[in-house]
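In each ligand, atom 1 is the first atom listed, and ligand 1 is the first ligand listed.
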Amino acid sequence: MRDLTDAELAELIDKDIFHKISDAADKLGLECYVVGGYVRDLFLERPSNDIDVVVVGSGISVANELKQRIGKRAHISVFHNFGTAQVKFGGMEIEFVGARKESYSHDSRKPIVEDGTLEDDQNRRDFTINAMAVCLNKGRFGELVDPFGGVDDLWDGIIRTPLDPDITFSDDPLRMMRCVRFATQLNFFIEDETFEALERNADRINIVSGERIADELNKIMATRTPSKGFIDLYRCGLLRIILPELVAMDVVETRNGRAHKNNFYHTLEVLDNISKATDNLWLRWAALFHDIGKPKSKRWDALAGWTFHSHNIIGAKMIPSIFKRLKFPMDAKMKYVRKLVDLHMRPIIIADEEVTDSAVRRLMNDAGDDIDDLMTLCEADITSKNAARKQRFLDNFKTVREKLDDLKERDYKRLLQPCIDGDEIMALFNLKPGREVGELKKAMKEAVLDNRVPNEREPLMALLKEKAAEMGLV
Ligand code: ATP
Ligand code: MG
């Protein structure tokens, strides 16, 4: 975060593209501003290639004028029914829109739109930090228009709506997801009044399409500390609607003085752990869902206490319906998450006992290519507060990993055993066991190891013949 005077802002947007937009707008005599995320990111020192431009008047006309100035190097798409235009140029996407005023009906996210002033346009934006505009017209180039104190909120790390949050969220409930998403991405605090409006309007999320919710969830999932987002979603009541299966894990029951752990907060700890180890989005989802079967599998046993037998299998069975409901891909990604949930206990069971070759080999066979991801998940799953116990698991995992590497190495060597053997070489070139056979074998093996030829009969045969000729054997 940095402070910027108008002069400094002017310097930051002192780029060919902004001057061209400026000229285009001035020629048409229209007020023109860069707004929203691009301005916010200038203050946050985050580079951005998406530029939103608001024109007080026709955004399309300025886009057309800009296109004329750039010529063939720019590509323009015009959307007449939305009154918007997009210009792509030099890796940038510039979105033009006329300043507008919006009014909403109760059952739809689609507003009735009228032409408006810059102020109207800023009023309809979701958060104060997203409602700042910088003027592009020549006389005012670089002038910041920040009616709601967006800069102050950036400094204070606060998310809040420009107008009454109840109206902002009720008008377009997707903004509730965006609210939590920005708070998570920026590690900001959701201001109290805005947060209370989230609680009051949570049910309105039902009019938002699954795809849009999924987009925001994935953005939350991709942050450094995704648990923050899920906790905010939980506290305001959105999670209860979107992912009730997770909410069901927030219980601690005690019987005869024996309590089980809170699986909701354990899960969030696992999620943050794994997010330090990987950016793989679907592996992170697998972490969030790994214990999702626990509430359904919970039993009390007079001897053993609380048990969660087969929670991995029950959890894996829940994955397809959760994915379907969240409009997540039902392809290999779903199967990957389901498999990891299903297998997540296996390395722990192996590591709890003596680590045998055969157990590791069976695990490798079941997990296939996803074995490393499974190990990453299991390591993240060790959240025990007992340091000695934690260390014992981590040590045993190390042994499992070493065994895996060892087996992989052996299998790798087996794979690399050339498919033509010594006997065949002797028959081919009429040789007795001896130095020549060794040399030919070596040439073949080197070529395969170096990836110069595939480990297949025909190419190897050609290679052998060449080498034999070199050695004067044929
Ligand atoms: P990012 O692109 O990093 O996700 P952004 O703020 O640029 O963040 P966009 O979705 O690209 O988000 O939207 C651009 C701008 O449009 C926002 O900064 C905001 O001013 C406005 N905006 C987007 N979606 C909404 C919405 N649902 N309600 C109100 N304003 C919105
Ligand atoms: Mg953007």
Quick one: side chains of residues 50-60, donor-acceptor pairs under 3.5 Å with protein atoms, not counting sequence neighbours, listed by atom name and distance.
{"unit_1": "Ser58", "atom_1": "OG", "unit_2": "Ile60", "atom_2": "N", "d": "3.4"}
{"unit_1": "Ser58", "atom_1": "OG", "unit_2": "Ser61", "atom_2": "N", "d": "2.9"}
{"unit_1": "Ser58", "atom_1": "OG", "unit_2": "Ser61", "atom_2": "OG", "d": "3.4"}

Quiz item: Are a donor atom and an acceptor atom from the side chains of Tyr33 and Asp121 found within less than 3.5 Å of each other?
Solution: no
Sorted by chain and number, sequence neighbours left out, side-chain contact (heavy atoms from CB on, under 4.5 Å) with Lys15 holds for Ile17, Phe18, Tyr38
Heavy-atom contacts under 4.0 Å to ligand 1, chain-then-number order, include exactly Gly36, Gly37, Arg40, Asp52, Arg124, Arg125, Asp126, Asn130, Asp172, Arg175, Arg178, Arg181, Phe182, Lys219
Between Phe79 and Phe82, what is the ring plane arrangement, given parallel below 30°, perpendicular above 60°, and tilted in between? perpendicular
### Query
Would you call the rings of Phe141 and His19 parallel, tilted or perpendicular, where under 30° means parallel and over 60° means perpendicular?
parallel
Side chain to side chain donor-acceptor pair (under 3.5 Å) filter on Glu93, not counting sequence neighbours, yields Gln86
